[in-house]
Amino acid sequence: MKILVTGGAGYIGSHTIVELMKAGYDVLAIDNFDNSYPSVLENLAKITGKTIEFEEVDIRDKAALKKYINAHKDIDAVIHFAANKAVGESVALPLKYYENNVGGTVNLLEAMQEANINQIVFSSSCTVYGEATPPVDENAAIPVAQSPYGNTKQICEEILTDQSKACDLKVVALRYFNPVGAHESALIGELPIGVPNNLVPFITQTAIGKREVLTVFGDDYPTPDGTCIRDYIHVVDLALAHVAAINYLAQKKYTEAFSVFNLGTGRGNSVLEVIKTFEAVSGVKLNYKIGPRRAGDVVQVYAACDKAANELGWRTQKSLEECMLSAWQWEKAIASSSVN
Ligand code: NAD
Ligand code: WQD
């Protein structure tokens, strides 16, 4: 099978390409390098031993996207990662998010329909659940989104549902919890541009000396140690779930045209637990302080993962220790190279 990966130079896309190729799939990738670097492709070639079939395409450019897809009509399925993902930026620049995340998805679906490509795996997010009672399963209510970014994920899931009813499209939407960590080679990982918004890159950048101090956003939450709880999932486990989703589509295991799965570990860890685990595996004492709560943070969220285990035959294998160690090895690799 031939799989097109949009956003293939990005954090999750690049790890997924490795696992798809390992599983024997042919992979094509597109990206506009809005939040990634061409050097990722060289590092992917080092990991896989193969040149990545890549073209620079912006999914907002409908004509260019259609031209590309029409020239590759033998694509069997698309994994759609390309999107902007910074929650805070989406509040300041909502139109950027609606144009790229929603408009880009519409362009992609149009191009796929024209080329008779009828299988798609979509990157959704646990953010669609807002403040739900964990463990959160796929039937949890979807409240009004708390950010334009979150809204784009809700809207895209609705668009995909509608399109799957209107034509012969099969959809797997994957709601990721908190992806962290990096490939064991330390050749690919998360490359946040500017000051990181997310906890783990902020921890590793502080440990390496790029940031002076990590602020823990609040320790007065109603949790055992007072800090927020999340479900941190290793990016390689997440990548393997995409291979499972492609197998699920290929083997027609679905019972409905639109299927949705949570991708998490099922385990919740607090911010302080993450920091302590990082310190233990890295041997670095982290400079952190307790600060005020961050607006918009939910107290605790972690996934119920039974559906993915039962239907996709997938569950996570890696521990929080492996997450933190690989993130640290990646940060050290960035520091010793010219990337970023
Ligand atoms: P990322 O920014 O590392 O990867 C996205 C890639 O898409 C980047 O390489 C970027 O350059 C590319 N891209 C963006 N707009 C594009 C466009 N118009 N045309 C072509 N390429 C474009 O992000 P990621 O962490 O790998 O996230 C991948 C997907 O997973 C996104 O849809 C994101 O919303 C979703 N997601 C991410 C997280 C997370 O915490 N990382 C959690 C839940 C969901
Ligand atoms: C984790 C915890 C912070 C930074 C975001 C998006 C979500 C999804 C995943 C895309 C929280 C705390 C963080 C810091 C801290 N992305 N923290 N100091 O907010 O759970 O989810 O990424 O879909 O949509 O909202 O992840 O890594 O930002 O925060 O104390 O410097 O770490 O308060 O409790 P979050 P995060």
Side-chain angles (χ1 to χ4, degrees), residues 5-16 29-38 40 55-61 64-65 68 79-88 90 96-97 99-101 103-105 107-108 122-130 145-147 149-150 152-153 156 173-180 188-193 195-203 205-206 211 213-219 221 223 227-233 235 238-239 242 263-264 269-272 274-275 288-302:
V5 177
T6 77
Y11 175 42
I12 306 169
S14 58
H15 289 80
T16 300
I30 58 172
D31 204 296
N32 69 349
F33 299 121
D34 177 64
N35 196 35
S36 52
Y37 298 87
V40 170
E55 208 162 301
E56 191 168 337
V57 178
D58 189 322
I59 62 165
R60 290 171 301 185
D61 183 343
L65 182 62
Y68 176 85
I79 307 184
H80 180 33
F81 294 104
N84 297 120
K85 63 168 180 177
V87 176
S90 80
K96 173 177 173 179
Y97 280 69
E99 184 192 22
N100 199 26
N101 298 10
T105 300
N107 289 345
L108 178 65
F122 174 69
S123 298
S124 189
S125 169
C126 70
T127 197
V128 301
Y129 295 121
Q146 284 173 342
S147 70
Y149 167 75
T152 67
K153 293 298 175 189
C156 284
L174 300 175
R175 293 179 182 154
Y176 315 154
F177 280 65
N178 288 56
V180 295
I188 53 171
E190 189 171 8
L191 271 176
I193 293 172
V195 181
N197 299 303
N198 296 115
L199 177 64
V200 174
F202 210 108
I203 288 177
Q205 288 197 6
T206 306
R211 314 269 155 221
V213 58
L214 168 81
T215 303
V216 174
F217 297 140
D219 70 346
Y221 284 99
T223 61
T227 63
C228 291
I229 289 175
R230 298 287 183 273
D231 186 336
Y232 297 93
I233 172 173
V235 67
L238 192 58
H242 292 76
L263 298 182
N269 285 107
S270 72
V271 177
L272 289 179
V274 173
I275 291 172
Y288 72 89
K289 63 172 189 200
I290 307 296
R293 292 181 177 194
R294 180 173 71 177
D297 269 340
V298 299
V299 180
Q300 59 169 333
V301 63
Y302 52 91

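What's counted below: heavy atoms across the whole structure, side chains too, no hydrogens, waters or symmetry copies. Whatever order the structure lists ligands and atoms in, that order sets their numbers, starting from 1.
- Here R230 contributes atom CZ and N269 contributes atom CG; the two are 11.5 Å apart, rounded to the nearest 0.5 Å.
- Ligand 2 lies within reach of R230, whose nearest heavy atom is under 4.0 Å from it.
- Residue N35 has at least one N or O atom closer than 3.5 Å to an N or O atom of ligand 1.
- Within ligand 2, the atoms closer than 4.0 Å to a non-hydrogen atom of C228 are 34 (O), numbered from 1 in the order shown.
- Note: an N/O pair closer than 3.5 Å links I59 and ligand 1 by distance alone.
- Less than 4.0 angstrom separates some heavy atom of D58 from each of these atoms of ligand 1: 17 (C), 18 (N), 19 (N).
- Of the polar atoms of N32, at least one N or O is found under 3.5 Å from an N or O of ligand 1, judged by distance alone.
- Short contacts between ligand 1 and S123, defined as distances under 4.0 Å to a heavy atom of the residue, involve ligand atoms 29 (C), 30 (O), 32 (O), 35 (C).
- With distances taken over non-hydrogen atoms, the option nearest atom 11 (O) of ligand 1 out of V128, D31, V5 is D31.
- Y288 has its side chain within reach of L272: a pair of non-hydrogen atoms, C-beta onward, lies under 4.5 Å apart.
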*Could you give me the CA-CA distance, side-chain angles and deciding distance for V195 and F202, then say whether side chain to side chain contact (heavy atoms under 4.5 Å, CB included) is met?*
CA-CA 8 Å; V195 181; F202 210 108; 3.8 Å; yes
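- The contact set between ligand 1 and P179, taken as ligand atoms under 4.0 Å from a residue heavy atom, comprises 38 (C), 39 (C), 40 (O), 41 (N), 42 (C).
- Listed by number with element, the atoms of ligand 2 under 4.0 angstrom from any heavy atom of D297 are 3 (C), 19 (O), 33 (O).
- Looking only at protein heavy atoms, the nearest one to atom 12 (C) of ligand 2 is V271 CG2, 3.8 Å.
- Only side-chain heavy atoms of N100 come within less than 4.0 Å of ligand 1; its backbone N, CA, C and O stay farther off.
- Annotation: side chain of I30 is in contact with side chain of L65 (closest heavy-atom distance under 4.5 Å).
- No heavy atom of G104 sits closer than 4.0 Å to any atom of ligand 1.
- Using a 4.0 Å cut-off between heavy atoms, E190 makes no contact with ligand 1 at all.
- Atoms of ligand 1 found under 4.0 Å from any heavy atom of D34, numbered from 1 in the order shown, are 11 (O).
- Closest approach of Y149 and S125 over heavy atoms only: OH-CB, 4.1 Å.
- The minimum heavy-atom distance linking S270 with T227 is given by the pair CB-OG1, 3.2 Å.
- Among the atoms of Y149, some N or O lies under 3.5 angstrom from an N or O of ligand 1.
- Not one N or O of A9 is nearer than 3.5 Å to an N or O of ligand 1, by distance alone.
- The shortest non-hydrogen separation linking P196 to P201 is CB-CB, 3.9 Å.
- The protein heavy atom nearest to atom 5 (C) of ligand 1 is A83 O, 4.0 Å.
- When the heavy atoms of R294, Q300, K85 are ranked by distance to atom 29 (O) of ligand 2, first place goes to R294.
- Distances below 4.0 Å separate heavy atoms of S36 from the following atoms of ligand 1: 8 (C), 9 (O), 11 (O).
- Heavy atoms only, all atoms of each residue included: S36 and I193 are closest at N-CD1, 4.5 Å.
- Annotation for ligand 2: atoms under 4.0 Å from non-hydrogen atoms of T127 are 24 (O).
- Taking every heavy atom of S124 and a limit of under 4.0 angstrom, the matching atoms of ligand 1 come to 43 (C), 44 (C).
- Nearest residue to atom 30 (O) of ligand 2 from F217, Y288, F177, Y221 is F217 (criterion: closest heavy atom).
- Here's the thing with F81: one of its N/O atoms is less than 3.5 angstrom from an N/O atom of ligand 1.
- The shortest contact between atom 4 (O) of ligand 1 and any protein heavy atom is with G10 CA, 3.4 Å.
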*Check the pair F33, V40 against side chain to side chain contact (heavy atoms under 4.5 Å, CB included), reporting the backbone distance first and the verdict last.*
CA-CA 10 Å; F33 299 121; V40 170; over 6 Å; no
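- Closest heavy-atom contact between Y37 and L191: CD1-CD1, 3.4 Å.
- Residues F81 and V5 are in side-chain contact: their nearest non-hydrogen atoms beyond the backbone lie under 4.5 Å apart.
- Of all protein heavy atoms, the one closest to atom 37 (C) of ligand 1 is I12 CD1, 3.8 Å.
- Heavy-atom proximity to S125, at under 4.0 Å, picks out these atoms of ligand 2: 10 (C), 23 (O), 24 (O).
- Between Y221 and R293 there is a side-chain heavy-atom pair separated by less than 4.5 Å.
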*Verdict with reasoning, I229 to Y302, per side chain to side chain contact (heavy atoms under 4.5 Å, CB included)*: CA-CA 8 Å; I229 289 175; Y302 52 91; 4.1 Å; yes
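- Every atom of ligand 2 with a heavy atom of V216 under 4.0 Å away is listed here by number and element: 30 (O).
- Protein heavy atom at the shortest distance from atom 6 (C) of ligand 2 is V87 CG2, 3.7 Å.
- Proximity annotation for atom 23 (O) of ligand 2: of F202, Y149, Y232, Y176, Y149 comes nearest, heavy atoms only.
- Numbered from 1 in the order shown, with element, the atoms of ligand 2 that lie under 4.0 Å from a heavy atom of N197 read 4 (C), 28 (O).
- Between K85 and T127, the closest side-chain pair of non-hydrogen atoms is not below 4.5 Å.
- Closest protein heavy atom to atom 30 (O) of ligand 1: Y176 CE1, 3.3 Å.
- The two residues D31 and G8 come nearest to each other via the heavy atoms OD2-N, 3.5 Å.
- Atom 26 (O) of ligand 2 has its closest protein heavy atom at N178 ND2, 3.2 Å.
- Remark: among candidates R175, K85, H80, the nearest residue to atom 25 (O) of ligand 1 is K85, based on non-hydrogen atoms.
- Counting heavy atoms under 4.0 Å from ligand 1, residue V57 touches it through the backbone alone.
- The closest side-chain heavy-atom distance from D219 to V271 is not below 4.5 Å.
- At least one side-chain heavy atom of R60 sits under 4.5 Å from a side-chain heavy atom of N32.
- Side-chain contact between Y97 and S147: absent, with no pair of heavy atoms (C-beta onward) separated by less than 4.5 Å.
- Listed by number with element, the atoms of ligand 1 under 4.0 Å from a non-hydrogen atom of F33 are 11 (O).
- Ligand 1 places these atoms under 4.0 Å from at least one heavy atom of Y11: 1 (P), 3 (O), 4 (O), 25 (O), 26 (O).
- In this structure, the ring of H242 has its center less than 6.0 angstrom from the ring center of Y176.
- Which of N198, L199, T215 comes nearest to atom 18 (N) of ligand 2 through a heavy atom is settled by distance: it is T215.
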*Does the side chain to side chain contact (heavy atoms under 4.5 Å, CB included) test come out yes or no for I59 and H80, once each step is laid out?*
CA-CA 10 Å; I59 62 165; H80 180 33; 3.6 Å; yes
